[in-house]
Structures are given as structure tokens and as C-alpha cells.
Amino acid sequence: MKIAVLPGDGIGQEIVKEAVRVMEAFRSEGYPIEFEFASIGGKAFDEAGDPLPDSTLKLARDAQAILLGAVGGVQYDSLPRPKRPEQGLLRLRKELALFANLRPALLYPELVSASTLKPEIVANLDIMIVRELTGDIYFGQPRGIRVNPAGEREGFNTMVYSEPEVRRVAHTAFKIAMKRKCKLCSVDKMNVLETTELWRETMIEVSKEYPEVSLTHMYVDNAAMQLVRNPKQFDVIVTGNMFGDILSDEASMLTGSIGMLPSASLDAQGKGLYEPIHGSAPDIAGKNIANPLATILSLAMMMRYTFAEERLAGRIEHAVRQVLGKGLRTSDIFESGATLVSTSQMGDAVVAAL
Ligand code: IPM
Ligand code: MG
């Protein structure tokens, strides 16, 4: 198992360190895990003037899987766009064709009261969001800021999806739905946007190959509302890059904390980039208080999706459940009566439970 480790910025360094300890624990049991570190994001810009240096891209290409922390920081916000940390991550996704982003929103029973929603609304929640990751308005050309004929500055971006791009992520979503409850909801805005009209037509066409799956459609504004009204109506959601970015942050809060949610970004061969869905949280960076569980759970997804090591994935998830069951909580999921632990203490506990 050849893994590239890209901790990135802010809390990325601290949380990845704890996931690496889990890899080391497996390695000491004899699993053939090899990993190598490289810089990405603001850190890579500071060191090499580029948020995705060639050496990092090469390491990522040569690896079978990539574990990433987070990128970004306010000190980089005034850089020219191609130099910003986020561009390092976006380029990495694009260069490696990691088009299918899986973002599970799973509520651990121990965290029911950490959600801001009523327990009966979120108990046993288990949703899988499949977000297209290499197209849409994130990458569409032309884009920029220009002066229009009236002499005013205007910003513009292009929302665009080709049929093959929609089709391939549709297949991913239908296959995942087949392994779950055979219920897929495609989210679009086809009442307004042609791009998503094509999206819906393509979803319907692909659905013919999966007669067992019941496909429904929902406008994105309604989906945002339904996610907090009655989230358990969903099983698998498939949507475009930008809608998926927004809805997955929303869905994460149903589960108590964005600090709990892992993700996998896969190419057509199952190679993957695994990262927590949260950001670099500069406000708490370096304080040893960030929640490392989303990163540790991302490693579980790596074991499952890239290496087909279901047993190792299950052991990680079980260990996380055990430490939560013992009442250990980082500050983001803390509630009275629980034991407040630091980032590294949470890592200690997971490794011990393994
Ligand atoms: C995410 C993040 C990224 C995105 C940023 C950091 C570029 O919000 O992974 O959801 O918008 O895709
Ligand atoms: Mg996001």
C-alpha cells in the first residue's frame, strides 16, 4: 500500500499526524504500508512558490492513495489566484481525474446530542453524498474579472458539464445506491439552469441501466431545506461540484460536527484522495485541540475503497466508536459529562482501541 501524505496547512499538520499513527500501528502488525510526505497548499507556496509543486504532484501520481489534511489560510488570500492554497488542491483533483467525491454523513449514536437538530430528526442518520469534483463552475472557462462595455468591472464564471462527465459520476452514484437502499436523489436546478437540465436528462438515461434503483430529482434549494427538515428521507444524493460543496457542509452539521466527516475522491480505477471535508481552521491551528477523527475516518475509507481492506476499515471505524463510547470528546463535539481531550489524546485513544 503506497500512500502519499500531504498534511497541508493549519490544523492539517496536527490531524494528519494522528492518522499516520494509525497507519504505523497497522504497519507494526505487518501490513505492507509505505508512506511518504510532501507539501501542498500554503505551506508548499511558502517553500516552493507553488501550492502544488511538481514533486508533490509526482508523488501523488505514483502513490495508490493520498491522505490529505487541509489547505488554506488568510495570509494567502491576497495572492494571485493560481498561487492560492485552494488551487493546489483543485489542480490535484483535476490532474488525477478524481471526479467522484464520496461524502458520507453518518451520525454516531454517541453524538446524537451534539447535533444542533432534534435527536428524533437525526438519530440513525446515514446519507451518502456523491459530489462531482472535476467539472462545473469550479473549472469552467471562460472565467475572470473584466471591464464591460459600460466601463464597469464585472466578475464571470462558466457553469458547464459535458454529457460524459455527468454520465460517469451517475454510474458511480447508481453503483453506490445498489449497495445501499437502492434510492438515489439527483439534485439540480433545472428550472433555471440549462447545465442542470442536461444533468437531469443524463441521470434519467443512465437510470435505465439500473432498474432496481429508484431515482428521484430535487431542486437544490429544496434539497437544502429538506436536509434540515427531514434528512432521513435521503439515502444517496448525487449532485454537481458546487451544489455538492454546499450541501455536504450542511449535511455534516446534522451529524454533530464537521470535524467528524471523512471523504474519498476517486478516479475511474479506484485510486483515491482521502481527506476530511473540513478546512484548515487557522483560528485553532497549533493548539492541539482540533478533532482528528474525520482524518482518521478518511483513512478507513482509503482502506475500503482503494485497498479493499474492509477489515482494516472496519477496525478503524470500530475504534472510533469505542473512544466515543468511552465519552472522549474534542472541543468541537464536547458536551457536559464527557471527557475533554486534545488532538493527540484522541489519537492515543484510537490507537489504543485498535
Ligand atoms: C471542499 C472545500 C474545497 C472545495 C476548497 C478548499 C477549494 O471547500 O473540499 O469542500 O470548495 O471543494
Ligand atoms: Mg467545501
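Whatever order the structure lists them in is the order used to number ligands and atoms, beginning at 1. It should be emphasised that the depicted structure is a prediction, and the values quoted were computed from it without experimental measurement.
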### Query
Closest non-hydrogen protein atom to atom 6 (C) of ligand 1, residue and atom name please, with distance?
Glu86 CG, 3.9 Å
### Message
Side chains of Arg103 and Asn101: any donor to acceptor distance under 3.5 Å?
### Response
yes
### Task
Please confirm if an N, O or S atom belonging to Asp245, backbone or side chain, lies less than 2.8 Å from the Mg ion (ligand 2).
yes
### Task
Decide whether Leu90 and Phe45 are clustered together by the hydrophobic rule: side chain heavy atoms of Ile, Leu, Val, Met, Phe, Trp, Tyr closer than 4.5 Å, transitively.
no
### Task
Around atom 11 (O) of ligand 1, find the nearest protein heavy atom and jot down its residue, atom name and distance.
Tyr138 OH, 2.6 Å
### Charged N-O contact under 4.0 Å between Lys232 and Asp126
no
### Message
Using a 4.0 Å cut-off to any heavy atom of Arg131, which atoms of ligand 1 qualify?
### Response
1 (C), 4 (C), 9 (O), 10 (O), 11 (O), 12 (O)
### Message
Looking at non-hydrogen atoms alone, which of Arg103, Glu275, His278 comes nearest to atom 1 (C) of ligand 1?
### Response
Arg103
## Note on the structure
re atom 2 (C) of ligand 1, the protein heavy-atom contact at minimum distance is Asp245 OD1, 4.0 Å
### Message
Quiz question: by atom type and distance under 3.5 Å, do the side chains of Tyr76 and Asp9 form a donor-acceptor pair?
### Response
no
### Message
Test of understanding: given a 4.0 Å heavy-atom threshold, classify the contact between Arg93 and ligand 1 as side chain, backbone, both, or neither.
### Response
side chain
### Message
Is a donor from one side chain sitting under 3.5 angstrom from an acceptor on the other, for Thr306 and Tyr274?
### Response
yes
### Message
With no hydrogens and no angle check, just 3.5 Å: does a side-chain donor-acceptor pair link Arg229 and Gln226?
### Response
yes
